[in-house]
Amino acid sequence: MTFTKKQIIEAHKAIGVIDSGVGGLTVVKEISRRLPHERLIYFGDTARMPYGPRSYSEVRRFAFEMIEFLTHQGIKMLVVACNSATAAGLSAYQASCEQPVLGVIEPGVRSALTRSKSGRIGVIGTVGTINSSEYEKALRNNNGNLHVVSKACPLFVLLVENNLVETPEAKKVAHEYLDPFVKENIDALILGCTHYPLMERLIQEVVGPSVNLINSAEEIAAEVESILAENKMANPLDSDGARYRFFVSGSPEPFEEVGAKLLNREIKAYQVKLS
Ligand code: DGL
């Protein structure tokens with residue numbers, strides 16, 4: 001195969017991924033599974049998470065700070081792997097970046113539409129994501145006849161962050177949030193927050209096996225692959241393997257710990273002050 005110089009320079013750039021914390025690593029995991037030759041730069045704004053309870057303008061400002069940091073390092077596309085940041089301003093990030101910018105809401109919606117047979121779909125997320133109604137709007141834009149039930153589950157993020165998912169308290173909280181969805185007879189539940197896939201087992205136990213849990217990470221990785229292919233930006237060089245760099249605004253150690261568990265390998269994160 002022959003490539004132009006420009007093609008190789010572009011293709012060899014990294015995919016940028018941003019999130020408020022560790023949750024976006026669920027997306028990294030899927031991208032690495034699907035696109036093992038791609039380089040990746042991740043920023044987790046761990047010092048300022050959670051984003052869920054913050055105003056949209058503040059979340060947008062934080063997201064732009066991360067985007068500026070990553071674009072200066074020469075990324076070829078950006079994945080906003082945070083539902084709250086996507087809900088707060090995906091179109092603003094897309095308008096200000098030269099690179100393709102992908103959010104997490106559309107891929108999740110597509111997956112839910114494929115997997116729900118009854119058209120009764122639940123959505124859970126942070127207060128910011130649920131109040132924005134972005135999931136609900138995107139679902140209804142595709143099909144006006146859907147029955148959509150949404151609920152903010154803010155305590156879930158705290159349970160994951162504090163490693164409390166396996167406790168009886170977590171089970172009680174999960175029942176409080178999710179029992180109403182069971183009564184609504186949904187057959188698909190969108191995990192509209194990056195942290196929720198990290199407590200998927202408990203959520204599945206509470207809603208029952210007949211409900212499809214929608215984790216948009218796989219769908220996002222598939223979309224990253226097609227955007228890179230469409231723009232002829234996929235990395236054709238497979239000899240040196242993927243190289244990943246992780247940056248956080250808070251302390252690197254807890255991030256490295258959760259990241260190693262999730263990605264099944266040691267990771268090194270570097271602390272950067274953004275503001
Ligand atoms: N990353 C956030 C999201 O997906 C969850 C954690 C937070 O509130 O910052 O909405």
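Ligands are counted one by one from 1 in listed order, and the atoms in each one are counted from 1 as well. Keep in mind it's a predicted model, so treat the numbers as computed, not measured. We're numbering straight along the sequence, starting at 1. Below, all heavy atoms of this structure are taken into account, side chains as well, without hydrogens, waters or symmetry copies.
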Please step through side chain to side chain donor-acceptor pair (under 3.5 Å) for the pair S116 and D187, ending with a clear verdict. CA-CA 6 Å; S116 170; D187 72 347; 2.6 Å; yes
Tracing side-chain links under 4.5 Å among I, L, V, M, F, W and Y, which residues wind up in one group with I67? I18, I41, F43, Y51, V59, F62, F64, M66, F69, L70, I75, L78, V80, L90, Y93, V101, F247, Y270, V272, L274
Evaluate T129 against S132 for side chain to side chain donor-acceptor pair (under 3.5 Å), listing each step before the verdict. CA-CA 5 Å; T129 300; S132 75; 5.7 Å; no
Using the rule that Ile, Leu, Val, Met, Phe, Trp and Tyr join whenever any side-chain heavy atoms are under 4.5 Å apart, tell me whether L158 and V127 fall into a single cluster. no
Suppose we screen for ring-ring contact (aromatic ring centres under 6.0 Å, His included). Which residues come up paired with Y196, at least two apart in sequence or across chains? F156
Apply side chain to side chain contact (heavy atoms under 4.5 Å, CB included) to E218 and list each qualifying residue two or more places apart in sequence or on a separate chain. E30
Show the short N or O contacts, below 3.5 Å, that ligand 1 makes with protein N or O atoms; if there are none, say 'none'.
residue, atom, partner, partner atom, Å
ligand 1, 1 (N), D19, OD1, 2.8
ligand 1, 1 (N), S20, OG, 2.9
ligand 1, 1 (N), T194, OG1, 2.8
ligand 1, 4 (O), N83, N, 3.0
ligand 1, 4 (O), N83, ND2, 3.2
ligand 1, 4 (O), T194, N, 3.0
ligand 1, 4 (O), T194, OG1, 3.2
ligand 1, 8 (O), Y51, N, 3.2
ligand 1, 8 (O), G52, N, 2.9
ligand 1, 9 (O), S20, OG, 2.6
ligand 1, 9 (O), Y51, N, 2.6
ligand 1, 10 (O), S84, N, 3.1
ligand 1, 10 (O), S84, OG, 2.6

